[in-house]
Amino acid sequence: IYESETFYSLADELGILIWQDFMFACALYPVDDYFLDSIQTEVTHQILRLQAHPSIAVWSGNNENEGAIANNWYNITDFKRYKADYVTLYIDNIMNITQKLDRTRPFIPSSPSNGIETQQEGWVAKQPQDIHFGDIHHYDYGTKSWEWNHYQIPRFCSEYGFEAWPSFENLEKVSVKEDWNYNSEFCDHRQHHGDGNKQMVTQLGYYLNLPSNPDPVQQFKDYIYLTQINQAMSIKTETELFRRSQSTVVNGVGMTMGALYWQLQDIWQAPSWASLEYGGKWKMLHYYARHFFSPVLVSPYIDGAVLKVVLVVDTLSSGRVLQKSGNTLYIQCYSWDNLKPLYTWAQKVDAPKVAASQIFQANVTAMLKTAKCSSLQHCVFFFFLNDVHTEVRNWVFPVTLKTAVGMKKPNVTISAVTQKKPQTYQIKLTTAAVSPFVWLEANGILGRFSDNGFLMVQSTTNIVFYAWETTDLNSLKKALSVRSLMDVYK
Ligand SMILES: *[C@@H]1O[C@H](CO)[C@@H](O)[C@H](O)[C@H]1NC(C)=O
Ligand SMILES: *[C@@H]1O[C@H](CO)[C@@H](O)[C@H](O)[C@H]1NC(C)=O
Ligand SMILES: *[C@@H]1O[C@H](CO)[C@@H](O)[C@H](O)[C@H]1NC(C)=O
Ligand SMILES: *[C@@H]1O[C@H](CO)[C@@H](O)[C@H](O)[C@H]1NC(C)=O
């Protein structure tokens with residue numbers, strides 16, 4: 001659908017830019033006079049209606065139809081004819097109308113597409129997914145998705161994503177007890193993407209041990225939690241790679257100038273690519289997006305034997321989190337079984353001159369030696385800029401968590417809840433060990449936390465809950481729960 005006035009007005013106000021597709025997607029369309037007449041009316045109407053909105057950044061003829069013809073999704077035998085129809089519809093008609101009515105914005109015929117390269121190839125490129133041109137869409141459900149070097153580096157990734165299940169709280173409303181099993185008919189029925197349920201388990205299985213709780217309902221909840229971890233970690237890994245790649249060209253690829261993950265929100269209670277559940281509750285991915293899309297990002301990764309850190313700054317002015325000079329990047333090495341860091345490195349950092357610049361690199365084996373950590377299996381690296389309480393923090397797991405050594409049951413607990421303002425509550429958490437994927441929920445109370453799904457390396461931390469509906473301290477205390485990764489296992 002073309003969205004409502006309210007939608008575009010809000011986007012204008014919030015500074016959100018919109019890639020506006022015309023309503024053609026993943027199909028072949030006719031070009032008879034009646035149809036062309038109808039789309040001329042439609043396109044003209046929408047451009048006149050929407051062009052005054054500053055939030056519209058680009059008009060796009062269709063979604064994936066250039067690729068569908070180029071890669072012959074529909075087993076067409078008369079390529080020439082379908083290519084000619086494509087040009088008639090999107091170029092001679094829709095592009096013509098758009099460029100006539102709105103000269104202020106770029107028009108791209110399709111997404112993914114190759115820009116001028118596509119034009120030079122007669123509007124249907126041999127490979128619209130070419131990473132050297134225009135944009136790509138990327139989906140791969142077999143890949144080791146927490147590893148940055150399993151991804152391609154395009155100029156712009158305008159779609160990419162991984163699925164996860166929504167919360168038990170939401171599923172419970174549309175199911176009965178017999179359904180609460182990852183292999184139930186209900187779970188099959190709600191999954192509308194082929195082998196999606198299996199793919200999620202395959203991917204998370206590369207990194208985490210699978211749930212085996214003898215209580216089937218608990219096991220189902222554990223699967224939900226792990227699929228959310230997998231989705232959040234995968235899209236974090238991919239997005240950070242894209243943002244790190246925006247100022248360099250390496251081996252002919254790079255200068256990645258955009259990342260739009262698929263997708264924002266759900267239309268029912270089901271597993272999907274969305275980061276917002278039906279009803280608005282945030283999946284773990286949505287909390288991660290606040291970090292991996294934040295204007296200032298510290299992005300660490302291990303490249304062979306070397307730990308590297310890239311600082312990404314997508315803001316025009318230095319601000320509270322990043323000063324012009326005198327910033328410090330702290331890198332801490334923790335042993336999984338100890339809340340006291342083994343070693344802390346401090347590196348001075350000036351505000352960078354380009355959007356993404358490497359600010360640290362060191363031989364990771366040498367770092368472990370300095371920290372007196374016995375092996376990669378035993379340790380985790382934690383990063384923050386200037387102040388441990390900053391939002392600019394990150395971590396690197398040097399090995400898959402299922403092969404890590406020394407992880408303890410951290411016993412994360414909610415030790416206090418206090419009301420700060422109407423609808424705003426502070427939650428104090430304590431942990432007895434380094435704890436990955438600390439996950440808070442307020443069952444039955446709509447709202448969001450200031451952070452969630454994070455790595456907890458300090459014995460206490462304060463999280464804020466912003467309620468979206470009227471509640472009170474006692475109801476919230478009853479509704480709150482917290483868990484972390486090791487709670488899945490015996
Ligand atoms: C195209 O042909 C392949 C191979 O015969 C088949 O698997 C696929 O389902 C067909 N696709 C369509 C859209 O008919
Ligand atoms: C589209 O514009 C081109 C160039 O101005 C013109 O040659 C062509 O006839 C136009 N097509 C239609 C359908 O108006
Ligand atoms: C990294 O450091 C270790 C230990 O100091 C050393 O043995 C190894 O050769 C170094 N590797 C590289 C690639 O420099
Ligand atoms: C968590 O609690 C269990 C049970 O009381 C205890 O055995 C374990 O040592 C605790 N974990 C830590 C890290 O202290």
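One is the number of the first residue; the rest follow in order along the sequence. As the structure lists them, so they are numbered: ligands from 1, and atoms in each ligand from 1.
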Query raised in the report: With only distance considered, is N363 within less than 3.5 Å of ligand 3 through an N or O on each side?
Result: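 Between N363 and ligand 3, an N or O pair is found under 3.5 Å apart.
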Query raised in the report: Hey, is K409 touching ligand 4 through its side chain, its backbone, both or neither, going by heavy atoms under 4.0 Å?
Result: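 Backbone only.
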Query raised in the report: Where does the angle between the aromatic ring planes of F465 and Y425 fall among parallel (under 30°), tilted (30 to 60°) and perpendicular (over 60°)?
Result: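 Tilted: the ring planes of F465 and Y425 meet at 30° to 60°.
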Using a cut-off of under 3.5 Å, which N/O atoms of ligand 1 pair up with protein N/O atoms, and what distance separates each pair?
{"residue": "ligand 1", "atom": "2 (O)", "partner": "N75", "partner atom": "OD1", "Å": "3.2"}
{"residue": "ligand 1", "atom": "2 (O)", "partner": "N75", "partner atom": "ND2", "Å": "2.3"}
{"residue": "ligand 1", "atom": "11 (N)", "partner": "N75", "partner atom": "ND2", "Å": "2.9"}
{"residue": "ligand 1", "atom": "14 (O)", "partner": "N75", "partner atom": "ND2", "Å": "3.3"}

Query - Check: A164 main-chain N/O paired with K283 side-chain donor or acceptor under 3.5 Å - result: yes
Query raised in the report: Would K281 and E169 pass as an ion pair if we require N to O under 4.0 Å?
Result: yes
Query raised in the report: Taking NZ, NE, NH1 and NH2 as the nitrogens, is one of them in R483 or D222 under 4.0 Å from a carboxylate oxygen of the other?
Result: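 Result for this pair is yes, salt bridge flagged.
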**Report entry** Pairs satisfying disulfide bond (SG atoms under 2.5 Å apart), at least one member in residues 214-245, at least two apart
**Finding:** none
Query raised in the report: Who pairs with Y29 by ring pair (Phe, Tyr, Trp, His ring centres under 6.0 Å), at least two apart in sequence or on another chain?
Result: F24
Query raised in the report: Do any pairs count as a salt bridge (charged side-chain N to carboxylate O under 4.0 Å, His left out) and have a residue in residues 390-413, sequence neighbours left out, and if so which ones?
Result: R290-E391, R393-D451
